[in-house]
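What follows is a short report on a single structure.
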Amino acid sequence: MARYNPKDTEPKWRAAWANANTFLTPVTPDARPKYYVLEMFPYPSGRIHMGHVRNYAMGDVVARYKRAQGFNVLHPMGWDAFGMPAENAAMERGVHPKGWTYDNIAAMREQLKALGLSVDWSREFATCDPEYYGKQQAWFLRLLKRGLVYRKEASVNWDPVDMTVLANEQVIDGKGWRSGATVEKRKLTQWFLRITDYADALIDGLKTLDRWPEKVRIMQENWIGRSKGLRFTFKFDGKAPAGHADGLEVYTTRPDTLFGASFVGIAPEHPLAEQLAAADPAVAAFVAECRKGGTSEADIEGAEKLGRDTGLRVVHPLDPTQTLPVWIANFILMDYGTGAIFACPAHDQRDLDFARKYDLPVLPVVLPPGEDAASFQVGKEAYVGPGAIFNSKFLDGLDVEAAKTEAVNRIEAMDQGQGATVYRLRDWGVSRQRYWGCPIPVIHCAACGPVGVPEDQLPVVLPDDVAFDKPGNPLLRHPTWRHTTCPSCGGKAERETDTLDTFVDSSWYFARFTDPTAAEPISKAAADHWMPVDQYIGGVEHAVLHLLYARFITRALKDEGLVSVEEPFAGLFTQGMVTHEAYKNAAGEWVEPSDVVIAVEGNSRSAKHAATGEPIVIGDIEKMSKSKKNVVAPEDIFEAYGVDAARLFVMSDSPPERDVQWTNSGVEGSWRFTHRVWNEFESQPAGDFAHDEADAAALALRKGAHRLIGFVTDSIEGFRFNSGVARLYEFLNMLKAAPAENATHGVLAARAEALEILARLISPFTPHLAEEAWAQLGKSGMVVDAPWPKADPALAADDERVLPIQINGKRRGEIKVKAGAAEAEVEKIALADAAVMAHLEGLTVRKVIVVKDRIVNIVAG
RNA sequence: GCGGGCGUGGCGAAACUGGUAGACGCAACGGACUUAAAAUCCGUCGGGAGCAAUCCCUUGCCGGUUCGACCCCGGCCGCCCGCACCA
């Protein structure tokens, strides 16, 4: 028997698909229902890693499956090609970002093509193609006209390593998401997108995303952070400080606790605090002290409450006889609400900590259920639960929610404030002081201000002749590029040298794929047909970055009339990472897996270096990363085991949303499977055989095959690929138990039918093997064009059931009955069973529970 | 601190809606074939008792609901992810 040889067959079938234009999705849609499958497009780093293999293999399973189900599938591929690494390469190696990027794309395209993906490569583009980013500039200008784009001076997150600004979403634990450098605050004039205009829509829209992971929806909701409360103004007692004649505006979510107020606090960055600091060196010193603390988790956790009494006093809005001191406090954030609060220490832990430290009053106003008003006291823990309001004049006796409403009504009636909704979400700062990005299509004119580049002058193309010998943005140093004339007055003017955050590039590419050559940024007809993406697949790390931005841009483009959908991704699946053990030598240096030999003794494993024999420490299972050297190169695996085995392995073993641990023995298992499958096809003799109803072995095989269809179908539909693969293994074992050699004609007929079903069922997972198997069966055409198999209900149905018999909840035997057998009949058979009778000796049967086709439980005592 | 998730053999895991716990794979062990190895094939494989049929224990821990709980409820313990002085 000839061994299955993936090295010959895999390239052969890829060529066959390419020659037949199998995966080309015509721009003009046909009568079939559409299905748009998309995996998050890759950054062209130069070579694919196992994470890519898993991501794209999953998408390919879905795409091929839907195709076989009769859908007109759109499954495109492109490149998220702008970004920092290209500039870093330019600085480190003197190559041009453009050349570096396109070389990488060429290399990765070949690797991805080797995966045998059912991708329509004719739609491929890179975000750094001027044809793409020019269209991006076009819609950017339309959003600018709409007022969704604006410029402001703001305190921004500055990444000192990448030397650029970052959006809030791109700062993780106070560090840049890409560089890992501690982020600094800087005041800069920047371009912003009004994502906050869409805060409510983005929260409310989450409810419609019923095919998104709950986790991602919760993360987005928390990130947007909507809270309802009251914004109101404290009048100053006596003379107000200059410029603050209107008073001091605060925000609270607990207007019900207003009578428990003991002081008013302002952030150290609050304009009033800065004003006071300018006049008083002692205040200035205090404000500087507050700034010193870092922003990292540990810093905040350990930060002590610091405050300074300003000497100012304000009047209580609901009780003019009462005044409150105004403190500058380090725990108040300028970024949130109004940067000023009223503090109710009895019912807020931070306020309480502060009040205890500075000996400020603590007056409880919410009485917990069961407590006595005369004796209830707050110690070190603030009471934040429900209860009845007391010590609060007209609010007394109301519950918390009713008191909130009443307090808001009173303040509104006095015209001193109003109910307000506040968000944690900030507008999206999109200016990046980088070269390798989409130029912001704006011209700055001394007379006219910033003016959008006229549409007929787009795209604003990046100049190629730039130097990376100095840090900073090369566009700023370019001798001619920025100098131009004002489109409005014709006078001398300068181009904007900031480029767009690369997350803008990835916020609409899915819509461009529907017609990548359209003259408009988005072809309305094509997008209306294909959008939304039916199944989007990618890493969970984009839960609040890319996935939030893309939702926002889609809504903004919808309001601009470019698309009709509000939500870009109807279904989302977030897949787990590919992990691998990391190895270290005695010196603590990371060692590559290929240099390590593992020895197994019983249940313990030890490792040594393959070449030197020195002992190696087997470390944790971690995400594959270059720094830990625990990377397995996909091309090495393709070479050794074939592409299908690699694809199969990343789909096996672990549920797709969970991390999968890469092991060599695991992929060997998948490789063995491909060979065993092939052996079954090869050993099947050619020819037609008639089914034999009387042949029990043949019937069992046919039943197994028809049942398998349902199992595999459900596992793909439900994203349980690992279970589907397990069922395929199980069925292969069944086939092997009914070999072709010396088989009856009935079994040969059943095998022929089973193999035809099997070839179609494995084709989403191991597409090359499936084609070779299909050809081996003598089938015409390719399996990729064959419809998904349909189970014969009569064969897939179980006509006989094995029911376990429990006595008092413990399994004591089993009986065989016809499927759907009546309860009374089942009870009779169960009670007559020898093993059951033995167990019931000396007991009285009290009750018999029969669950149809499932189980029998006898209660006896 | 808040929000979410998870905890099942030596390992990755399965168990659909409360109904036979451990499918399938990996590792391990035993055997066949082979001069030998690889590959392949067959078998064993949660723990314990027993010659055996069989029985007892077992899904992080404690308790509850139920004829019946990996699954539902309450309370602990541990791990992972996200957010975090957000008023």
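What you are looking at is a predicted structure, and each value in this text was computed from that prediction instead of being measured.
Out of B:A21, B:C24, B:A87, the shortest distance to the side chain of A:S227 is found at B:A87. Here B:A14 is the nucleotide among B:A14, B:U40, B:C86 with the atom lying nearest to any side-chain atom of A:R658. The side chain of A:D653 sits closest to B:G25 out of B:A23, B:G25, B:C81. Considering only side-chain atoms of A:S654, the nucleotide from B:A13, B:C85, B:G25 that sits closest is B:A13. The nucleotide whose nearest atom lies closest to any side-chain atom of A:R812 is, among B:C86, B:A23, B:C56, B:C56. The listed nucleotides are B:C85, B:C24, B:C26; the one nearest the side chain of A:L333 is B:C85. Checked against B:C24, B:A15, B:U20, the side chain of A:S723 finds its nearest nucleotide in B:A15. With B:A87, B:G82, B:C26 as the candidates, the nucleotide lying closest to the side chain of A:I341 is B:A87.
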Please set out all donor-acceptor pairs under 3.5 angstrom arising from side-chain atoms of residues 709-727 of chain A, sequence neighbours excluded.
from, atom 1, to, atom 2, distance (Å)
A:T713, OG1, A:I709, O, 2.6
A:T713, OG1, A:W788, NE1, 2.9
A:S715, OG, A:V712, O, 3.0
A:E717, OE2, A:Y65, OH, 2.6
A:R727, NH1, A:E730, OE1, 3.1

List the atom pairs, donor and acceptor, that lie under 3.5 Å between side-chain atoms in residues 801-815 of chain A and the rest of the protein, sequence neighbours left out.
from, atom 1, to, atom 2, distance (Å)
A:N808, OD1, A:A860, N, 2.9
A:N808, ND2, A:A860, O, 2.9
A:R811, NH2, A:E814, OE1, 2.7

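Atom CD of A:E381 is surrounded by 12 or fewer heavy atoms from other residues, nucleotides or ligands within 6.0 Å. Residue-environment remark: CD (A:Q418) stays at or below the threshold of 12 foreign heavy atoms within 6.0 Å.
The side chain of A:H839 contributes an N or O atom lying less than 4.0 Å from OP1 or OP2 of B:C55. A sub-4.0 Å separation between OP1 or OP2 of B:A14 and a side-chain N or O of A:N722 is present. For the OP1/OP2 pair of B:G25 and a distance below 4.0 Å, the side-chain nitrogens and oxygens of A:Y729 include no atom meeting the criterion.
With hydrogens and angles ignored, no donor-acceptor pair under 3.5 angstrom links the side chain of A:K736 to the base of B:C41.
For the pair A:K305 and A:F331, the distance from NZ or CZ to the six-membered ring centre is under 6.0 Å and the angle to the ring normal is within 45 degrees.
Distance check: A:R647 CZ to A:L769 CG gives 11.5 Å after rounding to the nearest 0.5 Å.
In this structure, B:G9 is classed as syn because its glycosidic torsion stays within 90° of zero.
Residues A:H675 and A:V544 each lie close to RNA chain B; by heavy-atom proximity, the contact nearer the 5' end of the strand is made by A:H675. Each of A:P655 and A:R350 was matched to the nucleotide of RNA chain B holding its nearest heavy atom; the match closer to the 5' end belongs to A:P655.
Applying the side-chain hydrogen bond (donor to acceptor under 3.5 Å, both in side chains) rule to pairs touching residues 844-861 of chain A yields nothing, sequence neighbours excluded.
The side chain to side chain donor-acceptor pair (under 3.5 Å) with A:D353 is formed by just one residue from the set A:R356, A:Q349, A:R350; it is A:Q349.
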At a cut-off of 3.5 Å, list every protein nitrogen or oxygen paired with a nitrogen or oxygen from nucleotides 64-68 of chain B, distance to 0.1 Å.
from, atom 1, to, atom 2, distance (Å)
B:C67, O2', A:N857, ND2, 3.1
B:C67, O2, A:N857, ND2, 2.4

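Put simply, CZ on A:F232 is 11 Å from C1' on B:A87, counting in whole angstrom units.
Taking a pair as Watson-Crick or G-U with both hydrogen-bonding distances under 3.5 Å, the stems of three or more pairs touching RNA chain B are B:1-7 with B:77-83, B:10-12 with B:24-26, B:28-32 with B:40-44, B:46-49 with B:54-57, B:60-64 with B:72-76.
Using a 4.0 Å cut-off on heavy atoms, the residues of residues 248-264 of chain A that approach RNA chain B are A:Y251, A:T252, A:T253, A:R254, listed by number.
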